[in-house]
Amino acid sequence: MRITYTGVGLFWIWLFVNAFTLSAQEKLELSGKIRVLEPVELRLENIKGEVLQKTMVKNNNPFSLQACKIEPDVYLICFGETKQPIYLTNTQVTIKGFYNCRDVKSSSLNFTGIDIYYELLKWLPKEEFSQDKTIVPEIKGKLKGNMYSALAYISDMSTYEPNKLLLDCMSEEALKTTSGKWLKHRTDSLYHYSIGAPAYDFTFQDAQGKKVSLSDFRGKLVLVDFWASWCGPCRHEMKNLLPLYNELKGDDLEFISISLDSKEENWRKMLEEEKLPWVMLWDEEGFVIGNEPNKIQRAYGFYSIPFIVLIDKDGRLLAKDLRGERVKEEILKARANK
């Protein structure tokens with residue numbers, strides 16, 4: 001489970017950072033004593049999911065992990081299924097407080113020995129949702145080495161631009177670290193659905209069973225609406241698109257609605273009810289909720305619907321996550337810039 005941040009604090013951790021600089025250590029030494037409702041496993045993992053150390057923690061009993069030399073980077077401190085990314089170095093780290101496995105939000109854990117992590121918290125995005133999170137440009141030159149990639153991992157930003165900003169701050173040496181490699185891969189992946197990138201060329205069936213591809217409409221502006229019949233906001237947004245379609249339709253513009261219904265009959269039932277005049281397609285894979293989105297969700301980087309994108313005549317992404325008046329604004333802007 002990934003934990004959400006609030007402001008500069010943590011959802012389940014109240015940070016206590018030493019006011020004094022810790023003396024240099026050759027190894028990471030993690031120990032402490034906390035209150036728990038029932039015994040829980042404490043694990044130290046790297047961001048690749050490999051378990052480096054583990055021990056059982058019992059109520060008010062001292063615990064410790066075997067001292068080990070680590071590469072300073074972001075790691076996961078895990079209590080049972082609760083995982084928290086924290087930047088660690090070869091220092092003495094202690095944990096005290098209370099961990100509630102039944103209600104993680106009510107936990108209160110005090111950490112010492114994580115000064116660099118505390119520095120990273122000053123630069124955390126203030127936005128709540130991952131797709132809205134940004135990084136201020138002033139961060140350039142303020143951090144060192146893989147602190148930039150560690151911040152990207154901790155911040156959990158799902159858009160290309162802020163991750164690319166942090167990537168560009170890193171040296172070639174820092175990019176060789178675990179989080180550096182992670183950020184390079186993540187940024188490369190996010191580029192595929194960033195503004196200006198080539199839009200993924202999907203192929204789905206229409207109501208007559210014909211296969212229709214995005215590339216079939218090259219040379220036109222294409223508005224793509226991802227929806228499902230069970231999604232109330234989706235149906236509402238589609239009704240709003242109808243007068244807009246009638247107003248703006250022309251040889252240079254095409255509307256496509258792609259159903260993410262898991263059952264074909266639900267999609268066809270909606271077609272009969274709404275009788276919309278543009279291209280209607282069905283993705284039989286259906287909408288996937290959780291950590292394993294389907295192919296089209298991964299390609300366009302969305303995790304909720306309705307999700308509307310505008311694609312230019314060369315097949316590049318012009319705008320995304322459009323709703324309401326922004327749909328018309330972006331179409332008119334694209335026509336004006338042709």
Side chains of residues 35-49: which donor-acceptor partners sit under 3.5 Å, not counting sequence neighbours?
from	atom 1	to	atom 2	distance (Å)
Glu41	OE1	Arg43	NH1	3.1
Arg43	NE	Glu45	OE2	2.9
Arg43	NH1	Gly80	O	3.0
Arg43	NH2	Glu45	OE2	3.4
Arg43	NH2	Gly80	O	3.0
Asn46	OD1	Lys48	N	3.0
Asn46	OD1	Gly49	N	3.2
Asn46	OD1	Glu50	N	2.9
Asn46	ND2	Glu50	OE1	2.6

*Any side-chain heavy-atom pair from Glu330 and Val327 closer than 4.5 angstrom?*
no
*Please determine, by modelled atom types, if Trp278 and Ser257 share a side-chain donor-acceptor pair under 3.5 angstrom.*
yes
*Do the side chains of Lys239 and Glu274 get nearer than 4.5 Å, heavy atoms only?*
yes
*Would a 4.5 Å heavy-atom cut-off, applied to side chains only, mark Lys269 and Glu273 as touching?*
yes
_Sidechain N-carboxylate O distance under 4.0 Å for Glu247, Lys328_ = yes
_Just verifying a value: how many Å separate Leu214 CG and Phe202 CZ, rounded to the nearest 0.5 Å?_
4.5 Å
*Can you check whether Gly286's main-chain N or O pairs, donor with acceptor, with Asn294's side chain at less than 3.5 Å?*
yes
_Cationic N near anionic O, under 4.0 Å, Glu127 to Lys133_ = no
_More than 12 heavy atoms of other residues, nucleotides or ligands under 6.0 Å from NZ of Lys220: yes or no?_
yes
*Taking the six-membered ring for Trp, are Phe307 and Phe302 parallel (under 30°), tilted (30 to 60°) or perpendicular (over 60°)?*
parallel
*Determine whether the side chains of Tyr99 and Thr82 contain a donor N or O and an acceptor N or O closer than 3.5 Å.*
yes
_Donor-acceptor under 3.5 Å (Asn163 side chain, Thr159 main chain)_ = yes
*Hey, can you tell me if Trp282 and Trp267 have their rings parallel, tilted or perpendicular (30° and 60° cut-offs)?*
parallel
_Basic-acidic side-chain contact under 4.0 Å: Asp314, Arg218_ = no
*Report yes or no: do Thr94 and Thr112 form a side-chain donor-acceptor pair below 3.5 Å?*
yes
*Just checking, is any N or O donor in the side chain of Ser229 or Asn266 under 3.5 Å from an acceptor N or O on the other one?*
no
